Amino acid sequence: MSRVSRNQLAAVSGSLALLLAATACGAQAGANTADAKACTVAYSQGSLSGEWRVENSRDMKESVEAAGCKFIQVSANDDVAKQLQDINDLLAKKPDLLVVAPVQSAPLATVPALAETANIPLIVVDRSIPGTPGTGQWKSFITIDFIETGVKVGESVVKGLTKKNGSPKGNLIHITGTTGASPAIDEQKGLDQVFSKYPDIKIVGSCDGKYAAEPGRKCAEDLLQRFGPGQIDGLIADNDESALGAIQAIKAAGRTELFPMIWGKDAQRTGLEAMLAGEMYYSISTPPQFGKTTMETWEKSKEGSLSDPVILLPKTEYQIDSPADKERIQKRIDELKALGIVCC
């Protein structure tokens, strides 16, 4: 066996040390890269139609990525069958968290069981689905009290019609939200609670506006043909998008006698601007920013510190009655413009 000189041995040892150091640095760099996207959040979005949904998705993506997670989103485009397939596809990707913004309630009844089988935590936002949040993998339901929203809208209708007709009476048409969606169901419950006390206030016609401007416009167009001038006193829309569509139909039909007796929901910038233009009377905020609360709630669920699985976001009312109301509405419009968003 040939002998190895001390110089040769030193050279080999130095090369080995450099190789080990490079390997260690590479491993550390790989670990840092992995840590940057150490979790994946999959979002099943019910739809991307309308300003509310666009802002909802933007905020969710921003909040997920701010928490260091990868964000995956699929939109169901208002098709509940597609959403169920989307959810199955997302679960197959094995995300660390599944977030669902439902199109409708009852058809998605199997979602908690699907998350349970996949052993993936579930958070539902905005609209409800059947089941009990806080059990199994269904960690939380983050929403808004839409029954209370309906009550608030109803109370404003009473005030507005009393102002217009001298007493709480009048006929209304109603452009509802998506049929089968829990906010539309709950808001109707709230309206019914109020109107049951005022038998002279009647909803004489309704149509599904799908929470969107064009269906809202078409609904209003059809209803205005059914009910001529003097037959109705105002219009309730389950969101500002459909209210704005209805305003287009009202102008096209020359039915501006209905202004400003238009009630909306969401308090989006364009709705508030319609209030200042004398075309709407009332709107109530429905914040689309669920992202930060979703990520905080997920963290609490992992820590075991989540005290209540049902979380309600706050709301703000806007009604056009006085100069002070106009100043407050203009202030909110300016805030939304500064944020660079329309809704909400």
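What you see below is based on every heavy atom in this structure, not just the backbone, and it leaves out hydrogens, waters and symmetry mates. What you see is a predicted model, and the numbers here were worked out from it, not measured in a lab. Heads up: numbering here begins at 1 and tracks the sequence.
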Would you confirm whether Lys94, through its side chain, and Leu91, through its main-chain N or O, come within 3.5 Å as a donor-acceptor pair? no
Applying side-chain contact (heavy atoms from CB on, under 4.5 Å), run through Tyr198 and Thr162 and close with a yes or a no. CA-CA 11 Å; Tyr198 300 95; Thr162 300; over 6 Å; no
Supply the atom-to-atom distance Glu187 CD to Ile284 CD1, rounded to the nearest 0.5 angstrom. 8.5 Å
Could you pull out the closest heavy-atom pair between Gly291 and Asp59, with the gap in Å? N-OD2, 2.7 Å
Is there a donor-acceptor contact under 3.5 Å from the side chain of Trp138 to the main chain of Ser140? yes
Over all heavy atoms of both residues, which pair between Pro112 and Ile129 is shortest? Give the atoms and the distance, please. CD-CD1, 3.8 Å
Is the shortest heavy-atom distance from the side chain of Asn239 to the side chain of Thr286 under 4.5 Å? no
Do Ile320 and Leu244 share a hydrophobic cluster (ILVMFWY, side-chain heavy atoms under 4.5 Å, transitive)? yes
Would you kindly confirm whether Ile262 and Leu224 end up in one hydrophobic cluster when ILVMFWY residues are joined by side chain heavy atoms under 4.5 Å apart? yes
Applying side-chain contact (heavy atoms from CB on, under 4.5 Å), run through Ile232 and Leu223 and close with a yes or a no. CA-CA 10 Å; Ile232 53 174; Leu223 290 167; over 6 Å; no
Point-to-point distance, once rounded to the nearest 0.5 Å, from OH of Tyr318 to CD1 of Ile329: 8.5 Å
Asp321 and Gln319 side chains, donor-acceptor separation under 3.5 Å: yes
Tell me the closest heavy-atom pair linking Thr176 and Ser206, and the distance in Å. CG2-CB, 4.4 Å
For the backbone of Asp145 and the side chain of Thr149, can you confirm whether one donor and one acceptor N or O come within less than 3.5 Å of each other? yes
Which atom names give the shortest non-hydrogen contact between Ala249 and Ala220, and what distance separates them? CB-CB, 3.8 Å
I would like to know whether Leu108 and Val124 meet side-chain contact (heavy atoms from CB on, under 4.5 Å); could you show each step before the answer? CA-CA 11 Å; Leu108 297 180; Val124 177; over 6 Å; no
Could you pull out every donor-acceptor pair under 3.5 Å between side chains of residues 166-175 and any protein atom, sequence neighbours left out?
residue: Asn171; atom: ND2; partner: Gln231; partner atom: O; Å: 3.3
residue: His174; atom: ND1; partner: Gln188; partner atom: OE1; Å: 3.3
residue: His174; atom: NE2; partner: Asp238; partner atom: OD1; Å: 2.8

Side chains of Thr293 and Leu313: does their closest heavy-atom pair fall under 4.5 Å? yes
Output yes when a side-chain donor or acceptor of Asn77 lies under 3.5 Å from a complementary backbone atom of Ser47, and no otherwise. no
Intermediate values then yes/no, salt bridge (Lys or Arg N to Asp or Glu O under 4.0 Å), Asp334 and Lys337: CA-CA 5 Å; Asp334 294 341; Lys337 284 182 177 178; 5.1 Å; no
Would you say that more than 12 heavy atoms from the other residues, nucleotides or ligands in this model lie under 6.0 Å from the NZ of Lys326, or not? no
Side chain to side chain contact (heavy atoms under 4.5 Å, CB included), paired with Lys210, selected from Ser242, Pro215, Cys219: Pro215
Is there a donor-acceptor pair closer than 3.5 Å between any side-chain N or O of Arg127 and the backbone N or O of Ala101? no
Evaluate the side-chain contact (heavy atoms from CB on, under 4.5 Å) criterion for residues Lys251 and Glu279: first the C-alpha distance (whole Å), next the side-chain angles of each, then the deciding distance (0.1 Å), finally the verdict. CA-CA 10 Å; Lys251 290 178 177 178; Glu279 297 168 349; 2.8 Å; yes
Passing candidate, side chain to side chain contact (heavy atoms under 4.5 Å, CB included) with Val342, options Thr270, Leu336, Val54, Leu272: Thr270
Should we say atom NZ of Lys331 is surrounded by more than 12 heavy atoms from elsewhere, each under 6.0 Å from it? no
Non-hydrogen side-chain atoms of Lys139 and Thr297 separated by less than 4.5 Å: no
I need the Leu191 CG to Glu155 CD distance, nearest 0.5 Å. 10.5 Å
Determine whether Ile203 and Val157 fall in the same hydrophobic cluster, where Ile, Leu, Val, Met, Phe, Trp and Tyr are linked whenever their side-chain heavy atoms lie under 4.5 Å apart. yes
Nearest heavy atoms of Gly278 and Pro260, plus distance in Å: O-CB, 3.3 Å
For a quick check under 3.5 Å, do Ser156 and Trp263 share a side-chain donor-acceptor pair by atom type? yes
Tell me which one of Gln225, Arg226, Lys218 satisfies side chain to side chain donor-acceptor pair (under 3.5 Å) with Asp222. Lys218
Pro288 side chain reached by Cys344 side chain, heavy atoms, under 4.5 Å: yes
Can you tell me how far apart CD (Glu241) and CD (Glu214) are? Round to the nearest 0.5 Å. 11.5 Å
Between Thr294 and Ser63, is any pair of side-chain heavy atoms under 4.5 Å apart? no
Within 6.0 Å of NZ in Lys292, more than 12 heavy atoms from elsewhere: no
Please report the C-alpha distance between Arg269 and Glu273 in whole Å, then the side-chain angles of each, then the deciding distance to 0.1 Å, and finally whether the salt bridge (Lys or Arg N to Asp or Glu O under 4.0 Å) criterion is met. CA-CA 6 Å; Arg269 192 181 78 209; Glu273 288 170 345; 3.7 Å; yes
d(Met295 CE, Glu299 CD) to nearest 0.5 Å is 8.0 Å
Sub-3.5 Å donor-acceptor pair from the side chain of Arg255 to the main-chain atoms of Gly228, do we have one? yes
Any Glu327 side-chain heavy atom under 4.5 Å of Gln330 side chain: no
I'd like to know if Val103 and Phe146 are part of one continuous hydrophobic network [Ile/Leu/Val/Met/Phe/Trp/Tyr, side-chain heavy atoms within less than 4.5 Å]. no
Between Gly254 and Glu257, the two heavy atoms sitting closest are O-OE1, 4.1 Å
Considering only heavy atoms from C-beta outward, does the side chain of Pro130 approach that of Ser105 to under 4.5 Å? yes
If you measure only the distance, is there a donor-acceptor pair under 3.5 Å linking the side chains of Asp266 and Tyr211? no
Heavy-atom count around Lys315 NZ within 6.0 Å, excluding the residue itself: above 12? yes
Does any non-hydrogen side-chain atom of Leu84 lie less than 4.5 Å from one of Val111? yes
Walk me through whether Glu148 and Lys152 qualify under salt bridge (Lys or Arg N to Asp or Glu O under 4.0 Å). CA-CA 6 Å; Glu148 180 190 50; Lys152 296 292 187 183; 5.1 Å; no
When rounded to the nearest 0.5 angstrom, what distance separates CD in Gln268 from CD1 in Ile333? 11.5 Å
Salt bridge (charged side-chain N to carboxylate O under 4.0 Å, His left out) with Lys82: which of Asp78, Asp79, Asp86? Asp86
Verify the cluster assignment for Trp52 and Val125: are they in a single hydrophobic cluster under the rule of side-chain heavy atoms below 4.5 Å apart? yes
Under the disulfide (SG to SG under 2.5 Å) test, which residues partner Cys343, sequence neighbours left out? none
